[in-house]
Amino acid sequence: MEINNSVAVISGGASGMGAATARALAALGARVAILDRDLLGAKKIADELHGIAIECDVTNAESVVNALTEIENQLGIPRICVNCAGIVRGRRIVNQQGAMPLDDFREVIEVNLMGTFNVMRVVAAQMTKAAPLNDSEERGVIINTASIAAYEGQIGQCAYSASKGGIVSLTLPAARDLAAFGIRVMTIAPGPVDTPMLQKIPEEGRKALVANVPFPRRLVQPAEFAKLVCHIVDNAMLNGEVIRLDGALRMQPK
């Protein structure tokens with residue numbers, strides 16, 4: 001799909017991988033719309049890229065419908081959607097305080113998995129109204145963000161791994177669901193990414209993560225995630241698959 005002049009929606013676009021993706025798509029001519037709970041951060045990125053920013057809670061159906069309706073009214077029907085909104089909560093199922101509160105587990109599932117699906121379902125409905133493009137009659141592409149924790153979750157990552165595992169499992173059936181409309185669905189599962197979220201980890205922990213990466217021995221850069229997004233958009237045969245972006249890292253239990 002041609003990126004130039006396409007409308008691109010990025011959830012969680014105020015920072016990290018989402019912000020890097022917005023910059024990369026805008027540099028190739030996309031008209032970007034950034035959704036985030038952090039409206040000030042989203043506006044900062046949007047102003048830089050001559051895009052728009054909309055405050056949005058991906059777990060709320062009305063909030064997502066309103067945000068995507070506003071995008072369609074201002075920019076047109078989205079052709080590209082990249083879901084980067086997510087949270088991390090680390091806690092064992094049982095610790096010294098007792099059992100993990102169910103609400104802690106529910107929050108991670110609601111933001112990471114249900115939030116992703118919430119944006120997917122609404123933007124896919126919009127894409128079906130767009131005119132088909134090129135010989136493939138493609139209408140749009142949706143790219144979700146999972147994690148290698150979906151495959152090799154660490155101690156304390158039950159909620160996070162379950163949420164990202166759900167996104168992995170969602171990829172193929174979603175691609176099959178939307179194939180009739182010419183809409184592709186892909187997922188990127190990055191290893192540890194050098195984002196503000198990871199920068200909260202103590203230096204010793206960061207060094208331990210890097211030491212386990214075979215090559216290149218460093219954290220994933222947000223710009224590398226963004227480059228992969230751009231390639232997926234451009235390559236029409238990429239559909240229904242999860243791509244690991246991790247330097248051959250396979251997380252070991254700790």
Side-chain angles (χ1 to χ4, degrees), residues 9-19 34-39 41-42 54-69 81-125 142-175 177-178 185-193 195-201 205 209 225 242 244 251 253-254:
V9 177
I10 302 100
S11 72
S15 63
M17 293 182 292
I34 296 171
L35 306 182
D36 208 291
R37 287 189 297 185
D38 175 11
L39 183 57
I54 301 172
E55 186 174 5
C56 181
D57 177 358
V58 296
T59 68
N60 183 281
E62 184 178 6
S63 180
V64 169
V65 169
N66 290 343
L68 287 168
T69 299
C81 176
V82 186
N83 285 306
C84 293
I87 60 172
V88 176
R89 296 283 188 273
R91 176 165 173 154
R92 294 178 185 234
I93 296 172
V94 178
N95 64 14
Q96 291 179 340
Q97 284 73 49
M100 174 192 289
L102 186 58
D103 284 345
D104 287 4
F105 188 89
R106 180 181 289 114
E107 181 187 21
V108 177
I109 298 297
E110 285 184 349
V111 174
N112 294 354
L113 179 55
M114 294 187 67
T116 294
F117 181 78
N118 193 17
V119 176
M120 278 184 69
R121 69 185 184 90
V122 180
V123 80
I142 299 169
I143 302 171
N144 296 326
T145 304
S147 165
I148 62 171
Y151 305 100
E152 299 118 32
Q154 301 294 287
I155 291 170
Q157 284 192 321
C158 281
Y160 184 71
S161 294
S163 70
K164 295 302 187 178
I167 292 172
V168 167
S169 297
L170 176 67
T171 305
L172 182 58
D177 266 11
L178 298 175
V185 180
M186 286 288 293
T187 294
I188 300 174
V193 184
T195 64
M197 190 180 295
L198 200 66
Q199 287 163 9
K200 296 176 183 178
I201 296 176
L209 286 172
F225 177 93
V242 181
R244 291 181 65 130
M251 299 288 282
K254 294 181 180 178

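What you are looking at is a predicted structure, and each value in this text was computed from that prediction instead of being measured.
To the nearest 0.5 Å, the span separating CD1 on Ile93 from CD1 on Ile155 amounts to 11.0 Å. Annotation: the span from Thr187 atom OG1 to Asn144 atom CG amounts to 4.5 Å, rounded to 0.5 Å. With rounding to the nearest 0.5 Å, the separation of CD1 in Ile143 from SG in Cys84 is 9.0 Å. Atoms CD1 and OG1, from Ile167 and Thr145 in turn, are 7.0 Å apart once rounded to the nearest 0.5 Å.
Residues Arg91 and Pro101 form a side-chain contact, since some pair of their non-hydrogen atoms from C-beta on lies under 4.5 Å apart. Contact annotation: the side chain of Ile142 never approaches that of Met186 to less than 4.5 Å [non-hydrogen atoms, C-beta and beyond]. Within the 4.5 Å cutoff, the side chain of Asn118 has no heavy atoms near those of the Thr59 side chain. Put simply, the side chain of Tyr151 does not reach to within 4.5 Å of the side chain of Ser161, judged on heavy atoms. Counting heavy atoms from C-beta on, the side chains of Asn66 and Glu62 come closer than 4.5 Å. Using a 4.5 Å heavy-atom threshold, the side chains of Val185 and Leu178 count as touching. Annotation: side chain of Gln157 is not in contact with side chain of Val88 (no heavy-atom distance under 4.5 Å). By the 4.5 Å heavy-atom criterion applied to side chains, Cys81 and Met120 are not counted as neighbours.
For the residue pair Thr116 / Asn83, no side-chain donor-acceptor distance below 3.5 Å is found, with atom types taken as modelled. Side-chain contact annotation: Asp57 with Ser63, donor-acceptor N/O pair under 3.5 Å absent.
Lys164 places no side-chain N or O within 3.5 Å of a backbone atom of Ala189 that could act as its donor or acceptor partner. The backbone N or O of Glu152 lies less than 3.5 Å from a partner atom in the side chain of Gln154, making a donor-acceptor pair. Without hydrogens or angle criteria, Ser163 side chain to Tyr160 main chain gives a donor-acceptor distance under 3.5 Å. Between the side chain of Asp36 and the backbone N or O of Ala14, at least one donor-acceptor pair lies under 3.5 Å. Of the possible polar contacts, one joining the Asn112 side chain to the Ile87 backbone as a donor-acceptor pair under 3.5 Å is found.
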Practice task
Apply side-chain contact (heavy atoms from CB on, under 4.5 Å) to the pair Val64 and Cys56, showing each step before the final yes or no.
Solution key: CA-CA 6 Å; Val64 169; Cys56 181; 3.8 Å; yes

Practice task
Take Asp103 and Arg106, measure what side-chain contact (heavy atoms from CB on, under 4.5 Å) needs, and give me the verdict at the end.
Solution key: CA-CA 5 Å; Asp103 284 345; Arg106 180 181 289 114; 2.5 Å; yes

Exercise for the section: For side-chain contact (heavy atoms from CB on, under 4.5 Å), just list the numbers for Phe225 and Val193, CA-CA rounded to whole Å, side-chain angles, deciding distance to a tenth of an Å, and then say yes or no. Expected result: CA-CA 9 Å; Phe225 177 93; Val193 184; 5.8 Å; no

Practice task
Run the numbers on Met251 and Ile148 for side-chain contact (heavy atoms from CB on, under 4.5 Å), then give the verdict.
Solution key: CA-CA 8 Å; Met251 299 288 282; Ile148 62 171; 3.5 Å; yes

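Environment of CE in Met100: crowded, with over 12 heavy atoms of neighbouring residues, nucleotides or ligands closer than 6.0 Å.
Between Val58 and Val111, the closest heavy-atom pair is CG2-O, 4.0 Å. Ala146 and Val168 get closest at one heavy-atom pair: CB-CG2, 3.8 Å. Gly16 and Thr195 get closest at one heavy-atom pair: CA-CG2, 4.1 Å. Of all heavy-atom pairs between Ala67 and Ile54, the closest is O-CD1, 3.5 Å.
With respect to the salt-bridge test (charged N to carboxylate O, under 4.0 angstrom), the residues Arg89 and Glu107 qualify.
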